[in-house]
Amino acid sequence: MCAIPLLLCCQGGGTDAGGSANVANAIGSKPNGAVSDSQRVATLEQEVQMLMAQYDIDHNPQLLEQAMHLNDSIEKIDTTQQGHFNAAFVRAQLLAKSGHMREAMAIQEELLKHNSDEFVRLQFYAGKYRMEGKLDSMLLCANEALSKCDKIIADSTQNPEAIDQALMNKMYIYQIIDNRAKAKEANDRLAERHKDDPEYQISEAQFNEDFNAARAALNQSAEEYRKTPKK
């Protein structure tokens with residue numbers, strides 16, 4: 001089970017000695033059209049992910065500043081609707097990591113207007129209401145989201161990937177509402193579906209470690225949200 005905060009984490013490795021040079025080359029002009037805009041964007045996106053991952057290790061705020069600068073550069077290069085969406089999503093992540101949770105949540109809430117997935121909306125508001133201390137509203141959204149997951153799991157016509165995703169979504173919702181036992185049930189059912197895959201087979205100690213990490217991330221996000229003044 002992955003420990004994920006409210007804003008979805010991006011994966012990436014640490015920075016390397018050649019990172020700055022790679023960024024400089026990516027931002028710089030492209031001689032004779034040798035480097036396409038899509039290649040420049042891909043290089044910059046990779047560097048942003050590395051900076052974010054490195055920040056998770058040493059918490060140097062300058063890394064987030066660099067990542068935000070690069071993300072702004074990406075948005076200037078990729079002016080498509082999808083490009084603006086991707087840049088806004090990363091901006092929300094960077095703001096969340098730097099403690100500006102209200103700004104991050106406002107961006108994510110705006111992005112929801114362009115997402116037709118009802119579960120994503122319910123998951124977001126369950127987390128948001130938890131941050132605001134509106135526990136009745138949190139449970140209402142969480143239970144509706146769980147019901148949608150259960151319908152997918154019970155539907156014999158669903159493909160295996162959709163059922164796996166529904167089980168993982170249930171685990172995340174149970175993290176939000178702090179129901180360790182139910183999260184473990186979903187985790188065990190997922191493991192049962194993948195008996196021959198060691199990646200799905202984790203010990204109870206590992207499950208508890210992952211659950212505690214997820215809860216800590218959610219608690220930190222809530223603390224940052226509540227202490228940020230409303231505008």
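- The shortest distance between side-chain heavy atoms of L64 and L51 does not fall below 4.5 Å.
- In this structure, the separation between CD1 on I74 and CG on L44 is 5.0 Å, given to the nearest 0.5 Å.
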Checklist entry - Which is it for L190 and M171 under the side chain to side chain contact (heavy atoms under 4.5 Å, CB included) test, yes or no, and what are the steps along the way? => result CA-CA 10 Å; L190 189 61; M171 282 191 282; 3.9 Å; yes
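- Taking 4.5 Å as the limit, every side-chain heavy atom of Q158 sits out of range of all side-chain heavy atoms of I153.
- The salt bridge (charged side-chain N to carboxylate O under 4.0 Å, His left out) contacts involving residues 69-89 comprise D72-R91, E75-R91, where partners must be two or more places apart or lie in separate chains.
- Residues Y172 and L218 meet the side-chain proximity criterion, which asks for heavy atoms closer than 4.5 Å.
- Between the side chain of Q220 and the backbone N or O of A217, no donor-acceptor pair lies under 3.5 Å.
- Listed for the N71 side chain is a donor-acceptor partner under 3.5 Å among the backbone atoms of A87.
- The distance from the CD atom of E185 to the CG atom of L167 is 11.0 Å, given to the nearest 0.5 Å.
- R180 contributes no side-chain N or O that, together with a main-chain N or O of F211, makes up a donor-acceptor pair within less than 3.5 Å.
- Distance NZ/K170 to NZ/K182: 7.0 Å, rounded to 0.5 Å.
- Residue E110 forms a side-chain hydrogen bond (donor to acceptor under 3.5 Å, both in side chains) with just one option from K113, Q108, H114, and that option is K113.
- Using modelled atom types and a 3.5 Å distance limit, the side chains of N219 and E223 yield no donor-acceptor pair.
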Checklist entry - So K227 and M101, side chain to side chain contact (heavy atoms under 4.5 Å, CB included) or not? Walk me through it. => result CA-CA 9 Å; K227 75 181 184 182; M101 283 302 302; over 6 Å; no
Checklist entry - Which is it for M50 and E47 under the side chain to side chain contact (heavy atoms under 4.5 Å, CB included) test, yes or no, and what are the steps along the way? => result CA-CA 5 Å; M50 290 193 294; E47 186 66 18; 2.8 Å; yes
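- Looking at every heavy atom in both residues, A126 comes nearest to I176 through O-CG2, 3.9 Å.
- Within the 4.5 Å cutoff, no side-chain heavy atoms of H84 are placed close to those of Q81.
- Atoms CG and CZ, from L111 and F85 in turn, are 4.5 Å apart once rounded to the nearest 0.5 Å.
- In this structure, the side chain of N208 engages the main chain of E204 through a donor-acceptor pair within 3.5 Å.
- The side-chain tip of R102 points at the ring of Y225 from less than 6.0 angstrom away and within 45° of straight on.
- Residue K184 places its NZ atom among more than 12 non-hydrogen atoms of other residues, nucleotides or ligands, all under 6.0 Å distant.
- Residues L122 and I173 have side chains not in contact (no heavy-atom distance under 4.5 Å, counting atoms from C-beta outward).
- The distance from atom CD of Q49 to atom CG of L70, rounded to the nearest 0.5 Å, is 11.0 Å.
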Next on the checklist: Walk me through whether Q165 and N169 qualify under side-chain hydrogen bond (donor to acceptor under 3.5 Å, both in side chains).
Outcome noted: CA-CA 6 Å; Q165 185 61 56; N169 287 342; 3.0 Å; yes
Next on the checklist: As a quick check of understanding, evaluate side chain to side chain contact (heavy atoms under 4.5 Å, CB included) for D155 and K151, giving each step before the final call.
Outcome noted: CA-CA 6 Å; D155 186 353; K151 288 180 181 179; over 6 Å; no
Side chains of residues 133-149: which donor-acceptor partners sit under 3.5 Å, not counting sequence neighbours?
from, atom 1, to, atom 2, distance (Å)
K134, NZ, E132, OE1, 3.4
N143, ND2, L139, O, 3.1

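- By the 4.5 Å heavy-atom criterion applied to side chains, K128 and E109 are counted as neighbours.
- Scanning all heavy atoms of the two residues, the minimum distance from L94 to A67 falls at CD2-CB, 3.7 Å.
- With sequence neighbours excluded, no residue forms a salt bridge (Lys or Arg N to Asp or Glu O under 4.0 Å) with E45.
- Ring planes of Y129 and Y125: tilted class, angle from 30 to 60°.
- Side-chain contact between H194 and D164 is present, with at least one heavy-atom pair separated by less than 4.5 Å.
- Inspection of the Q201 and D197 side chains reveals no N or O donor paired with an N or O acceptor under 3.5 Å.
- Residues Y200 and R193 fail the side-chain proximity criterion, which asks for heavy atoms closer than 4.5 Å.
- For the atom pair L63 CG and Q54 CD, the distance stands at 6.0 Å (nearest 0.5 Å).
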